[in-house]
Amino acid sequence: MYVVGNWKSNKTIHEAIEWWNAFVALVSGDPKIAAAAVKRPVNVVLCVPYTILPALREKVTGVTLPIFLGAQDVSPFPEGAYTGEVSARMVKELADYVIIGHSERRRYFQETDSELEFETLQAQEAGLATIYCVEGEKNRIPGSATVVAYEPPSAIGKGQAEDVGKAGAVCAEIRRSTKKPVLYGGSVNPENAASFLGHPAIDGVLLGGSSLDPSAFFTIIRIASTIP
Ligand code: PGA
């Protein structure tokens with residue numbers, strides 16, 4: 001079971017530390033959650049802007065609830081003369097996961113399936129786990145992807161999640177063909193999270209807006225840790 005937060009292009013370092021302090025206060029106020037999440041187990045991954053990774057890297061080890069850090073993109077190239085790019089080896093110094101092929105990367109930065117395959121390869125060589133995003137069953141999924149996230153663009157950031165039955169059917173199909181864990185993402189919030197997390201074909205959730213608020217993020221982790 002995965003609960004993955006994607007902060008997108010939000011928060012300064014200062015704001016990230018404020019978020020972190022509020023989140024840790026919630027975790028400490030609920031001593032049972034760490035044990036429940038470890039027992040379940042719930043893999044909590046927080047994917048933040050590159051600039052924030054060093055500050056959170058220092059903090060994650062000090063909390064009872066295991067939390068992994070992730071980046072939101074990675075260069076399709078190795079290190080070298082690629083101005084502006086952050087290589088997989090650089091990300092691996094600070095994080096364990098990376099999101100690849102998010103709908104916004106495909107739409108605003110014209111990332112294509114073949115470029116994303118190179119990103120996945122670079123990430124794998126560097127030892128990063130990958131959360132490979134697809135918009136439907138039609139997208140090609142690299143064999144080396146660790147986890148797949150189904151995120152219908154019509155539900156991302158819209159406040160209206162996809163119908164859980166429909167999302168579950170797509171996730172089931174992706175799981176059948178890839179044999180990988182499949183997450184659902186798109187307007188998941190504390191009110192609807194249980195229905196997605198409880199669906200037998202859905203192995204977790206990818207949260208955008210709900211991860212920006214420490215209390216919503218914490219509530220969804222708590223829901224994930226109590227689902228049988
Ligand atoms: P949302 O974003 O939860 O804000 O809809 C999900 C995502 O884009 O990962």
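Start at 1 and go down the list; that is how both ligands and their atoms are numbered.
- Considering backbone and side-chain N/O atoms, Gly208 comes within less than 3.5 Å of an N/O atom of ligand 1.
- Within the 4.0 Å heavy-atom cutoff, Gly157 counts among the residues contacting ligand 1.
- The distance from ligand 1 to the heavy atoms of Ile156 drops below 4.0 Å at these ligand atoms: 2 (O), 5 (O), 8 (O).
- Proximity to Ser187 (heavy-atom distance under 4.0 Å) selects the following atoms of ligand 1: 1 (P), 3 (O), 5 (O).
- The closest approach between a heavy atom of Gly159 and any atom of ligand 1 is not below 4.0 Å.
- Contact atoms of ligand 1 toward Asn6: 9 (O) (distance under 4.0 Å to a heavy atom of the residue).
- Using a 4.0 Å cut-off between heavy atoms, Ser103 makes no contact with ligand 1 at all.
- Of the heavy atoms in Lys158, none comes closer than 4.0 Å to ligand 1.
- Pairing each heavy atom of Ala71 with each of Leu53, the nearest pair is CB-CD1, 4.4 Å.
- A salt bridge is absent between Asp203 and Lys180; no separation between the charged side-chain nitrogens and carboxylate oxygens falls under 4.0 Å.
- Below 3.5 Å of separation, one finds no N or O of Glu104 facing any N or O of ligand 1.
- If you number the atoms of ligand 1 from 1 as listed, the ones under 4.0 Å from a heavy atom of Leu206 come out as 9 (O).
- Put simply, the side chain of Tyr150 does not reach to within 4.5 Å of the side chain of Glu137, judged on heavy atoms.
- Screening Glu115, Glu119, Glu111, Glu135 against Arg105 for a salt bridge (charged side-chain N to carboxylate O under 4.0 Å, His left out) leaves a single residue, Glu111.
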Step-by-step side chain to side chain contact (heavy atoms under 4.5 Å, CB included) determination, Leu69 to Arg57: CA-CA 7 Å; Leu69 290 178; Arg57 185 78 186 166; 4.3 Å; yes

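- Under 4.0 Å is where a charged nitrogen must lie from a carboxylate oxygen, and between Arg176 and Glu173 at least one such pair does.
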CA sep, side-chain torsions, deciding dist, call: His102, Gln72, side-chain hydrogen bond (donor to acceptor under 3.5 Å, both in side chains): CA-CA 8 Å; His102 189 279; Gln72 303 167 8; over 6 Å; no

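- For atom 4 (O) of ligand 1, the nearest protein heavy atom (residue, atom name, distance) is Gly209 N, 2.8 Å.
- Of all atoms in ligand 1, listed by their number and element, those nearer than 4.0 Å to a heavy atom of Glu151 are 6 (C), 7 (C), 8 (O), 9 (O).
- By the 30° and 60° cut-offs, the orientation of the rings of Phe196 relative to Tyr184 is parallel.
- Using a 4.0 angstrom heavy-atom cutoff, Gly186 counts as in contact with ligand 1.
- Ring pair Phe23/Trp20 is tilted by interplanar angle, where 30° to 60° counts as tilted.
- For ligand 1, one of its N or O atoms has an N or O atom of His102 under 3.5 Å away.
- Less than 4.0 angstrom separates some heavy atom of Lys8 from each of these atoms of ligand 1: 2 (O), 7 (C), 8 (O).
- In this structure the side chain of Pro142 never reaches within 4.5 angstrom of the side chain of Leu116, judged on heavy atoms.
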